[in-house]
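Each chain gets a letter, A, B and so on, in the order its sequence line appears, and its residues count up from 1.
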There are 2 protein chains.
Amino acid sequence: MNPKQPLNPPTQQRALPGLTEKQIARLSVYRRLLQELPSASRPEIYSHDLAEMSRNTAAQVRRDLMTIGFTGSSARGYQVEQLIAAIGGTLDAPEGQTAALCGVGNLGRALLDYFTIWRPQLRIVAAFDIDPEKSGRVIHRCRVWPLAEMPQVVREQGITVGVITVPAPSAQRVAESMLGAGIRGFLNFAPTPLHLPAHAYVEEMDITTSMEKVAYFARTLAPAPVEES
Amino acid sequence: MNPKQPLNPPTQQRALPGLTEKQIARLSVYRRLLQELPSASRPEIYSHDLAEMSRNTAAQVRRDLMTIGFTGSSARGYQVEQLIAAIGGTLDAPEGQTAALCGVGNLGRALLDYFTIWRPQLRIVAAFDIDPEKSGRVIHRCRVWPLAEMPQVVREQGITVGVITVPAPSAQRVAESMLGAGIRGFLNFAPTPLHLPAHAYVEEMDITTSMEKVAYFARTLAPAPVEES
DNA sequence: GAGTCGCTGTGACAAACTTCACGTTGCCTG
DNA sequence: CAGGCAACGTGAAGTTTGTCACAGCGACTC
Ligand SMILES: NC(=O)c1ccc[n+]([C@@H]2O[C@H](COP(=O)([O-])OP(=O)(O)OC[C@H]3O[C@@H](n4cnc5c(N)ncnc54)[C@H](O)[C@@H]3O)[C@@H](O)[C@H]2O)c1
Ligand SMILES: NC(=O)c1ccc[n+]([C@@H]2O[C@H](COP(=O)([O-])OP(=O)(O)OC[C@H]3O[C@@H](n4cnc5c(N)ncnc54)[C@H](O)[C@@H]3O)[C@@H](O)[C@H]2O)c1
């Protein structure tokens with residue numbers, strides 16, 4: 001819902017015709033699945049295999065790869081290594097990209113642990129917290145700064161992604177600070193939709209809503225078929 | 001993608017015509033926003049106010065409320081209290097619903113903390129871990145059991161929702177155990193799509209993919225408009 | 001108590017997204 | 001080296017999802 005428009009303005013050099021949110025999400029999943037393939041397996045893969053792994057249809061996979069201009073060979077499928085690289089060419093910033101996290105609480109610490117050891121292509125490189133007990137320390141190899149330092153740190157390191165794990169009442173204010181410091185993309189774990197101008201991108205990670213969805217469908221879905229005897 | 005079919009089989013008494021995943025998600029957000037309204041504010045609300053809060057359009061809000069058969073009054077809008085109750089009538093199980101979490105690591109502990117203190121309507125009431133150091137202890141008021149106890153605990157407590165926070169290689173196996181024990185809905189934080197039969201509902205919480213999405217759009221989105229001087 | 005205003009409910013429309021289905025291509029077999 | 005097979009690429013059709021726009025209604029004004 002964030003990008004209602006075709007979502008790709010006359011961007012920079014990367015001239016891909018506006019990929020949508022869903023396409024980007026699927027490409028990300030494809031890549032991760034491909035990277036996890038045991039290297040013993042064949043160097044090619046079929047669309048229907050990738051589809052099965054990612055819980056999609058083969059047609060969906062083929063069309064997604066079509067949109068990034070990647071082409072396989074009939075009867076042998078797609079070259080795994082090349083495909084990983086091609087998806088990377090779309091998803092990854094050539095120069096790399098870095099993220100900042102604000103709110104080093106229960107959730108924030110878990111994410112820090114996860115995304116600092118993670119791939120070099122997209123790492124959390126700075127954290128911020130209002131609590132003076134926390135700022136100044138280094139948690140999971142990531143330095144925690146006081147809020148006042150945010151503008152400088154973000155600008156100096158060229159951080160473009162912000163992860164918000166502060167309590168809900170602070171989320172909007174924190175997001176605006178990050179935006180002011182130059183951050184353009186937001187991953188918001190606080191249970192409050194953020195209101196930011198159109199040139200910012202916001203992804204809501206609403207875990208409570210997801211729980212409620214699961215609970216609802218766990219009740220509502222068709223029951224298991226009775227097994228014949 | 002999970003429920004391709006109209007998604008509501010001849011369910012139980014609740015005779016609402018198959019709400020979709022997105023509708024449920026939006027309803028959940030509406031309710032939370034309404035509950036957080038300061039009680040000082042008026043007891044009615046307009047569709048466009050709710051829309052603004054939830055980052056939707058007014059038409060979307062009205063249509064969502066139409067699907068649950070809730071009706072407002074022209075020129076005064078919707079009764080907030082009644083609306084909260086009406087959404088609850090759809091989302092909540094009358095008898096309440098409980099969840100189990102598997103994998104008491106960094107992320108699992110954060111979630112336990114969050115969803116045990118939480119609302120009585122949907123709580124995590126049991127946790128499981130393979131690590132004998134952890135099972136037997138009580139973390140955030142929630143008892144952690146060894147894996148072997150899962151079938152009994154789940155059955156005895158009638159748990160229907162499962163939260164998966166184990167490492168990716170174990171996720172599929174753990175999900176199957178939970179399914180076998182009677183759990184029907186899954187919230188999966190492990191970065192591997194689960195493969196379960198059609199009578200189970202799976203929601204993938206793929207944080208890594210969300211991060212990559214945000215990074216992509218942070219780069220790709222239109223830049224801030226230049227301010228006139 | 002007639003008029004005006006603004007919000008709801010909803011049919012019709014539009015856009016986004018997915019699937020179908022088939023021509024095309026390249027490999028493998030005999 | 002011809003024939004068969006299986007997978008790709010993609011226009012077209014289908015489905016789902018969101019938006020428009022307006023009739024109708026209720027409240028409030030004067
Ligand atoms: N923990 C979970 O599993 C979970 C699940 C769903 C949603 N959330 C949401 O994620 C957010 C964080 O949850 P948590 O459990 O980690 O909470 P927490 O209380 O453990 O952590 C919050 C942290 O944010 C810091 N903080 C508070 N105000 C701040 C501000 N203005 N600027 C910077 N830092 C500030 C606090 O010092 C603290 O370290 C909350 O919005 C919560 O609703 C958490
Ligand atoms: N931590 C994060 O921020 C984060 C972010 C995105 C995704 N994830 C995913 O969430 C999952 C958990 O992440 P984490 O950081 O909490 O990892 P963690 O290593 O801290 O915790 C994993 C826990 O699972 C337990 N476990 C391992 N195998 C098990 C099994 N077969 N049955 C039951 N319990 C088992 C371990 O004992 C441990 O307590 C992983 O799949 C990870 O990829 C985590």
Side-chain angles (χ1 to χ4, degrees), chain A residues 1-8 16-30 34 42-80 82-83 86-87 193 213 217, chain B residues 1-8 16-30 34 42-80 82-83 86-87 193 213 217:
Chain A
M1 42 193 47
N2 211 5
K4 323 190 155 178
Q5 292 82 12
L7 178 52
N8 248 14
L16 289 172
L19 299 181
T20 68
E21 294 188 66
K22 291 188 171 177
Q23 288 170 333
I24 294 295
R26 284 193 299 265
L27 288 171
S28 164
V29 171
Y30 298 157
L34 291 171
R42 271 212 340 293
E44 294 102 7
I45 194 169
Y46 296 132
S47 61
H48 58 84
D49 291 327
L50 239 191
E52 138 77 12
M53 287 187 254
S54 61
R55 306 192 52 212
N56 273 125
T57 65
Q60 180 77 82
V61 170
R62 290 203 298 275
R63 191 164 287 276
D64 286 336
L65 300 192
M66 201 180 79
T67 64
I68 62 167
F70 188 81
T71 170
S73 93
S74 65
R76 271 193 321 183
Y78 301 95
Q79 299 282 331
V80 172
Q82 290 179 23
L83 179 49
I87 296 177
K213 259 174 73 176
F217 288 112
Chain B
M1 41 191 52
N2 212 4
K4 325 190 157 180
Q5 292 83 14
L7 176 54
N8 246 12
L16 289 173
L19 299 182
T20 66
E21 293 187 65
K22 292 189 171 180
Q23 287 169 334
I24 293 295
R26 283 193 300 263
L27 288 171
S28 164
V29 171
Y30 298 156
L34 292 171
R42 271 214 336 295
E44 296 102 5
I45 194 170
Y46 296 132
S47 61
H48 59 85
D49 292 328
L50 240 191
E52 140 76 10
M53 286 187 253
S54 61
R55 307 191 56 211
N56 273 126
T57 65
Q60 179 78 79
V61 170
R62 290 202 300 272
R63 192 166 286 280
D64 286 335
L65 300 192
M66 202 181 77
T67 63
I68 63 167
F70 188 82
T71 169
S73 94
S74 66
R76 273 193 321 182
Y78 300 95
Q79 299 282 330
V80 172
Q82 291 179 25
L83 179 49
I87 296 177
K213 258 174 73 177
F217 288 113

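- Remark: Arg42(A) engages Glu44(A) in a salt bridge (Lys or Arg N to Asp or Glu O under 4.0 Å) (not counting sequence neighbours).
- Relative to the side chain of Thr20(B), the nucleotides dA12(C), dG9(D), dT17(D) differ in distance, and dT17(D) lies closest.
- The interatomic distance linking Arg26(B) (CZ) with dT19(D) (C1') rounds to 12 Å, in whole Å.
- Atom OH of Tyr78(A) and atom C1' of dA7(D) are 8 Å apart (whole Å).
- If you take CD of Gln79(A) and P of dC27(C), they are 11 Å apart, rounded to a whole angstrom.
- DNA chain C lies under 4.0 Å from at least one heavy atom of each of the following residues of residues 43-53 of chain B: Tyr46(B), Ser47(B), His48(B).
- To the nearest angstrom, P of dC17(C) lies 12 Å from CD1 of Ile24(A).
- When the side chain to side chain contact (heavy atoms under 4.5 Å, CB included) test is applied to Gln82(B), the partners found at least two apart in sequence or on another chain are Phe70(B), Gln79(B).
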Go through Met53(B) and Ile45(B) one step at a time and tell me if the side-chain contact (heavy atoms from CB on, under 4.5 Å) criterion holds.
CA-CA 11 Å; Met53(B) 286 187 253; Ile45(B) 194 170; 3.1 Å; yes
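- Residues Val29(B) and Ser54(B) meet the side-chain proximity criterion, which asks for heavy atoms closer than 4.5 Å.
- Between Asp64(A) atom CG and dC17(C) atom P there is a gap of 11 Å when expressed in whole angstrom units.
- Taking five base pairs at each end of the helix from dG1(C)-dC30(D) to dG30(C)-dC1(D) and finding the rotation axis that steps the C1' atoms of four pairs onto the next four gives two axes whose angle is 10°, to the nearest 10°.
- Leu83(A) CG to Leu65(A) CG: the interatomic distance, rounded to the nearest 0.5 Å, is 5.5 Å.
- One finds no side-chain N or O of Gln60(B) lying less than 4.0 angstrom from the OP1 or OP2 phosphate oxygen of dT17(D).
- For Arg62(A), the side-chain hydrogen bond (donor to acceptor under 3.5 Å, both in side chains) test picks out Ser47(A), with sequence neighbours left out.
- Across dC17(C), dG26(D), dT10(D), the shortest atom-to-atom separation from the side chain of Arg63(A) is found for dT10(D).
- For the side chain to side chain contact (heavy atoms under 4.5 Å, CB included) test, residues two or more places apart in sequence or in another chain that qualify with Gln60(A) are Arg26(A), Tyr30(A), Asn56(A), Thr57(A), Asp64(A).
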Hey, what are the protein-to-nucleotides 28-30 of chain D N/O distances that come in under 3.5 Å?
none

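- Of the residues near DNA chain D, Gly77(A) and Ala75(B), the one whose nearest nucleotide (by heavy atom distance) lies more toward the 5' end is Gly77(A).
- Put simply, the side chain of Ser74(A) and the base of dT25(C) share a donor and an acceptor less than 3.5 Å apart.
- When atom types are taken as modelled, the side chain of Gln23(B) and the backbone of Thr20(B) share a donor-acceptor pair closer than 3.5 angstrom.
- A 4.5 Å side-chain heavy-atom check between Phe217(A) and Ile24(B) finds at least one atom pair inside the cut-off.
- The shortest non-hydrogen separation linking Ile87(B) to Leu27(B) is CG2-O, 3.7 Å.
- Put simply, Ser73(A) has no side-chain N or O that comes within less than 4.0 Å of OP1 or OP2 on dC27(C).
- Residue Leu27(B) contributes atom CG, which lies 14 Å from atom P of dT17(D) at whole-angstrom precision.
- In terms of position along DNA chain D, the nucleotide closest to Met66(A) lies nearer the 5' end than the nucleotide closest to the other residue of the pair Met66(A) and Ala59(B).
- Rounding to the nearest 0.5 angstrom, the gap separating the CG atom in Leu50(A) from the OH atom in Tyr78(A) is 9.0 Å.
- Rounded to whole Å, atom C1' of dT10(D) lies 16 Å from atom CD1 of Ile68(A).
- Protein atom NZ of Lys22(A) is 14 Å distant from nucleotide atom C1' of dT19(C), rounded to whole Å.
- In this structure, the nucleotide among dG9(C), dT19(C), dT25(C) sitting nearest to the side chain of Arg62(B) is dG9(C).
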